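Before any comments, here is the structure.
Everything quoted here is computed from the prediction, not taken from an experiment. Chain A is the first sequence line, chain B the second, and so forth, proteins listed ahead of strands; every chain is numbered from 1.
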Number of protein chains: 2
Amino acid sequence: MALPEFELESFLPYRLNRAAEFIALRFAAQYKARYQLTRPEWRTLAALGSSGRSMTATEIGVHSSMHKTKVSRAVFGLEQRRWLKREEDGRDRRLEHLALTPAGLSAYGELTELARAYQAELSTTLGADNMKALSKGLRAVERAIVRSAGYARPSKI
Amino acid sequence: MALPEFELESFLPYRLNRAAEFIALRFAAQYKARYQLTRPEWRTLAALGSSGRSMTATEIGVHSSMHKTKVSRAVFGLEQRRWLKREEDGRDRRLEHLALTPAGLSAYGELTELARAYQAELSTTLGADNMKALSKGLRAVERAIVRSAGYARPSKI
DNA sequence: AATAGATAGTTACGATTGTAACTAATATGT
DNA sequence: ACATATTAGTTACAATCGTAACTATCTATT
């Protein structure tokens, strides 16, 4: 009569969600307080800044697993701050190439300082080899994401 | 003049968020289609079902890293389906002990079947030892969550 | 060249969310 | 014992989000 065992504590989606929420919140508090940035705005800024090149909105969405309307609004927000500018593609006028302005780049630089500090703090808290293990596991998930983006419709991510 | 390096690809909050979002979405599609459950409702049901005992709303929130208003609404939703009942604490009348009804338990049983299947699929996709690594890393984060809940205000999580 | 289908991105709108304020109860300090 | 602070949980409200529909453009088929 006993139910077959199920340990929520070992169920990956639940654990990942919980961990992500916990880890993200503390960092979000910093850039929110300092720059009034929303999470999608920070993620968009980070995607652009880290890539070191211009990207389309769709690319940003795939890269960060954000819904396209989220990206669209984040881009609009960053544009209003003049941290980002759009440039129309010459050949395909549906595409917009998004790039950080000097002001955007400088904000990105300051934010990466915070990020670096937070990452260092995490490394101390979690321990170096737990970080390594986490990183290895995440890399496997990332490969799965890339693979599935290849087959399936990216807009559904 | 070059900015100090920052690799978004190695920044834990970003990576965790992306992975969690990706992994959770596929599973959410299943319980949404099958039971019209929301994510907070599933997480609440799972926390209760898996613990095998009654819990308070606050305990559920800490356990699942969900905001207390999210928990409050999820509890209300599950109560309306008659999957959960509340019982007042005799000594402290602010507390409500939440427990699954037989119907709730049976739904939980069916959902854990889906969960188990999904976990198995993930294990195949990611590979057993990547799962192990991920699990080890998550366990470290979980310890950090527990520690911080001890000191800091849990309502802020 | 014309039509149908696909894709990039935006937006209207209903649903979901978090903040802050609230109620009700308990705990604490004097 | 009384005032004050704290805690559990709910709710009003404004902000945010995702679905679906939309515009504009491009690609493929005939």
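Here the P atom of nucleotide D:dG9 and the CD atom of B:E87 are 14 Å apart, to the nearest Å. Across the protein-nucleic acid pair, A:F76 atom CZ and C:dG9 atom P stand 16 Å apart, rounded to whole Å. Between the CG atom of A:D92 and the P atom of D:dA24 there is a distance of 16 Å, given to the nearest Å. We find that CG of A:L95 is positioned 10 Å from C1' of C:dG9, with the value rounded to whole Å. Rounded to whole angstrom, the span from the CG atom of B:L37 across to the P atom of C:dA15 amounts to 18 Å. Between the P atom of D:dT23 and the CD atom of A:E96 lies a distance of 18 Å, rounded to the nearest Å. To the nearest angstrom, P of C:dA27 lies 10 Å from CZ of B:R91. With rounding to whole Å, B:M55 atom CE is found 13 Å from D:dA8 atom P.
If you check distances only, the side chain of A:R93 never reaches the base of C:dG9 with a donor-acceptor pair under 3.5 Å. With hydrogens and angles ignored, no donor-acceptor pair closer than 3.5 Å exists between the side chain of A:R73 and the base of C:dG9.
A:E110 and A:Y35 share a donor-acceptor pair across their side chains, judged by distance under 3.5 Å alone. For the residue pair A:H63 and B:E9, a side-chain donor N or O sits within less than 3.5 Å of a side-chain acceptor on the partner.
Toward the 5′ end of DNA chain C lies the nearest nucleotide of A:V71, the other residue of the pair A:V71 and B:G90 mapping further downstream. Take the nearest nucleotide of DNA chain C for A:K32 and for A:R94: the residue whose nucleotide is more 5' is A:R94. Along DNA chain D, the nucleotide closest to A:K70 and the one closest to B:E59 are compared, and the more 5′ of them pairs with B:E59.
Not a single donor-acceptor pair under 3.5 Å links the side chain of A:S50 to the backbone N or O of A:A47.
One finds no side-chain N or O of A:T56 lying less than 4.0 angstrom from the OP1 or OP2 phosphate oxygen of C:dA8. Remark: A:R86 is in phosphate contact with C:dT10, judged by side-chain N or O atoms under 4.0 Å from OP1 or OP2. For the pair A:H67 and D:dT16, the criterion of a side-chain N or O lying under 4.0 Å from OP1 or OP2 is not met. Here A:K68 does not reach the OP1 or OP2 of C:dA8: none of its side-chain N or O atoms lies under 4.0 Å away. Phosphate proximity of D:dG9 to B:T58: present, with a side-chain N or O under 4.0 Å from OP1 or OP2.
Between A:R73 and A:E79 there is no salt bridge, since no side-chain N of the basic residue sits under 4.0 Å from a carboxylate O of the acidic one.
Distance from the side chain of B:T69 is smallest to C:dA20 among C:dA20, D:dC26, D:dG9.
No contact: B:R39 has no heavy atom under 4.0 Å from any strand.
Judged by the 6.0 Å and 45° rule, B:R26 forms no cation-pi pair with B:Y118.
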